[in-house]
Amino acid sequence: MSNRIDYEKVLNPAQLDAVMTTQGPVLVIAGAGSGKTRTLVYRVARLVELGVEPESVLLLTFTRRAAQEMLERAATLSDPRCRFVSGGTFHGIAFRVLRRHAEKLGFSNSFTIMDRADMEEVIHALLPELQMPKGSARFPKRSTLANILSKASNLEVTVETLMEEEYGQFLEFCPQMNRLLHLYRDYKRGHQLMDYDDLIIYFRGLLAANEEVRRELSQQYGHIMVDEYQDTNAIQADIVHQLAGAHRNIMVVGDDSQSIYSFRGANYRNMFEFPERFPEVKIIKLEENYRSTQPILDFTNAIMARASEKYTKCLYTRKSGGETPAVIDTRTEPEQALFVCRHVKETLAQGRALRDLAVLFRAAYHSFELELELTRQGIPYVKYGGFKFMESAHIKDFLAHLRAIVNRDDAVSWGRILRLVKNVGHGKSQAIFKWMKTTGAPPDQVGHWPGQTQKDSGLKTLSQVISSLMSHETDPKGAVELLLEYYLPVLRDQFDDYPRRQREIEQLIPMAGRYRRLRGFIDDLVLEPPTSSADMDPDRKTDVLTLSTVHSAKGLEWPFVYIIWLMEGRFPQARAYVNPQAVEEERRLLYVASTRAKERLILCYPGREGAASWGGPAWNNGGVSSFVAGLPREVVRYETEASPSFTSGRERPLDLSPTPPSELRPGDRVSHPAFGPGVVSKLIEGNKVEVLFRNFGRKLLHLGYTSLEKA
DNA sequence: CATCACGCTGTTTTT
DNA sequence: CAGCGTGATG
């Protein structure tokens, strides 16, 4: 039973226009908090109400979660059939299509997807083939190499061009980079692997080269909507054009000042090129903000007014009142953590719930110190962004077994699982894989590798496990349970903190239970994984504080928002990185963060002395202090450590001096800002100490530089 | 193959 | 600092 919606009552004129225009191309330029999501939700509802088949509506979003939430909302407020609308990410759609048409691209339909960690691993394995001259200047590390290759393919420029523009320090390695690019391409083809970038590129290629596929998809998706269009790149724009070129029922929604994904080749100019591709486009601007108070908007407008590129709009609200955002120099990082904790507690005392508050930051590690203090003070939180559940070693190792069966050419996974066998390392694993490939031995015959000795009898066990797993293709849950029996002893051997890791792996059992085929299960996990272990917590609805990277906070809002430590200088050699474009992206990042706040916005930064933790010139690509410096008092309130609201409430005197090793003994309980609670296992001469952390295993720490504390 | 000492060097965000 | 590569040793 569907509900009637009175659109004119719930939407403003611009939103209404966007919702009611259901034919032809539409570009919606929507400022932060202007009801962009609301507009998309109602438009989905409207289309279904008009009798459009839900399955023929395609909603492309940035994360799978965003799509699901929108469809759920549409279903709740109108017709439950909205849940059948096709929603997902570009990568998700691309993968589904490519799977069906893999052979047209010269791939087998058993190809597997590599995540970033896999990509880096392959690059790493290829490096010896580059034959680098010994003792030459430093070659970029593998994560940088992956960044360069990925960005070059996303921008569709040659590696040289990209390096000239953004990696001047590595220009001398251009020949090697080119060689690496080719090796990497060949490797992927040879092993039936695609990385994230390939999904998008091959998808476009398939559409361009194959009229039949293009027509079929265009017919299947008669109405297309794209959210966060400013974060798409030129290739994705081509895909949109191919899909909608025939019927032209395409709506893209975006905000040029929220473009913060240039590292993926995204460019907000895509938005302005849209009218060139669809000249009959209707352009709708949403400028009224429904989220924040006017003082918050004045602040964000003032920040963007200084941008070197001019953006399309100025936000206003009809909400009156509200307080001016505050900027606080907390001098040091630990003081910043104390300040936020104290402020949070005060806010709770005023009757607010923890779920109304969020702390946002640039990089996942920026919250380490705060997390420590929150834990000390017993304030519960969930964190989004940064650490990826799927990328932790134990999860990857575990799933590699399943991947190796599904795609027996997947050398990355085979390497992983073979190296887990006792006395098989880098060399032997490669020899075994090569043998399997040349003899065509099926996966469960690894135990019969002729080179084996008595020492690697573990191969026999692996063989048996693989053999039973192969008979569980239609029973993912059974396969996971079976593999668990084999893998748990390995895990126990390998990690000191196996109970936590075991628990995490066990969470895969119910997830696998939702799939009919093993392959579907592992594909989904790689491509659209739970964003963090917090996501898997069934009690998400509990009243907790949110910590999040700005990137992960996109599209969300909270009454109170704290922003901490936004790119102050920390890296001594950073002068090389001063880059006007990067500064502009940092500015937009601050804009995105600030516009998440509905009522109150507080920005903290740990000043220069707190930021440059071991001296040297500060990195100068921007940061809270540089963006707010000189803003007028009407727009921002400046507070320092001298202001009463900060100093008076300090809960205990700060002692920032490091713990001397003589005070620590094996067995002492300690706490570290990054790694959390742990126990001292060993003292090492000088100022080093080995700690066994509850969540991160064994780490060797240099005291004097880390704030390791006795707990 | 596994472990350890030593030297070097510097961003980060995510599908 | 801490992660990573290198080269030497068990």
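Each chain gets a letter, A, B and so on, in the order the sequences are listed, and its residues count up from 1. Only a predicted model underlies this, so the values are computations on that prediction, with no experimental measurement involved.
- Between A/His91 and A/Phe203, the gap from one ring centroid to the other reaches at least 6.0 Å.
- Listed nucleotides C/dG5, B/dT15, B/dT11 differ in distance to A/His124; the shortest reach to its side chain belongs to C/dG5.
- Residues A/Phe111 and A/Phe95 place their aromatic rings such that the two centres sit under 6.0 Å apart.
- In this structure, A/Ser429 and A/Phe62 both approach DNA chain B, and ranking their closest nucleotides by distance from the 5' end singles out A/Ser429.
- The aromatic rings of A/Trp414 and A/Phe433 are tilted relative to each other, their planes meeting at an angle between 30° and 60°.
- The C1' atoms of C/dG5 and B/dT12 are separated by 23 Å, rounded to the nearest whole Å.
- Per the geometry, CG belonging to A/Leu418 stands 12 Å off P belonging to B/dC1, to the nearest Å.
- When the C1' atom of B/dT15 is taken as reference, atom OH of A/Tyr202 falls 17 Å away, rounded to whole Å.
- Under a cut-off of 6.0 angstrom, the local environment of CZ in A/Arg100 is crowded, with over 12 non-hydrogen atoms contributed by other residues, nucleotides or ligands.
- Taking atom NZ of residue A/Lys141 and atom C1' of nucleotide B/dT12, one finds them 11 Å apart after rounding to whole Å.
- A/Leu199 places its CG atom 14 Å from the C1' atom of B/dT14, with the value rounded to the nearest Å.
- The distance from atom CG of A/Asp115 to atom C1' of B/dT14 is 11 Å, rounded to the nearest whole Å.
- Rounded to whole Å, atom P of C/dC4 lies 14 Å from atom CG of A/Leu127.
- For A/Asn407, the side chain to side chain donor-acceptor pair (under 3.5 Å) partners are A/Thr112, not counting sequence neighbours.
- The shortest distance between the side-chain N/O atoms of A/Thr549 and the OP1/OP2 oxygens of B/dT14 is below 4.0 Å.
- Phosphate contact (OP1/OP2 of B/dT13, side-chain N/O of A/His366, threshold under 4.0 Å): absent.
- When the C1' atom is used for both B/dT11 and C/dT6, the distance is 25 Å, rounded to whole Å.
- Atom-to-atom, NZ of A/Lys151 to P of B/dT14 comes out at 16 Å; the value is rounded to the nearest Å.
- Contact annotation: the side chain of A/Gln236 never approaches that of A/Tyr229 to less than 4.5 Å [non-hydrogen atoms, C-beta and beyond].
- The CZ-P distance, from A/Phe361 to B/dT14, rounds to 10 Å in whole Å.
- Residue A/Ser552 has a polar side-chain atom (N or O) positioned under 4.0 Å from OP1 or OP2 of B/dT14.
- A/Glu121 is linked by a salt bridge (Lys or Arg N to Asp or Glu O under 4.0 Å) to A/Arg416, A/Arg419, counting only residues two or more places apart in sequence or in another chain.
- Remark on DNA chain B: of its neighbouring residues A/Arg419 and A/Arg264, the 5'-side contact belongs to A/Arg419, judged by nearest-heavy-atom nucleotide.
- Residues from residues 256-263 of chain A lying near DNA chain B, meaning a heavy-atom separation below 4.0 Å, are A/Tyr261, A/Phe263 in numerical order.
- In this structure, the nucleotide among B/dT13, C/dG5, B/dT15 sitting nearest to the side chain of A/Arg142 is C/dG5.
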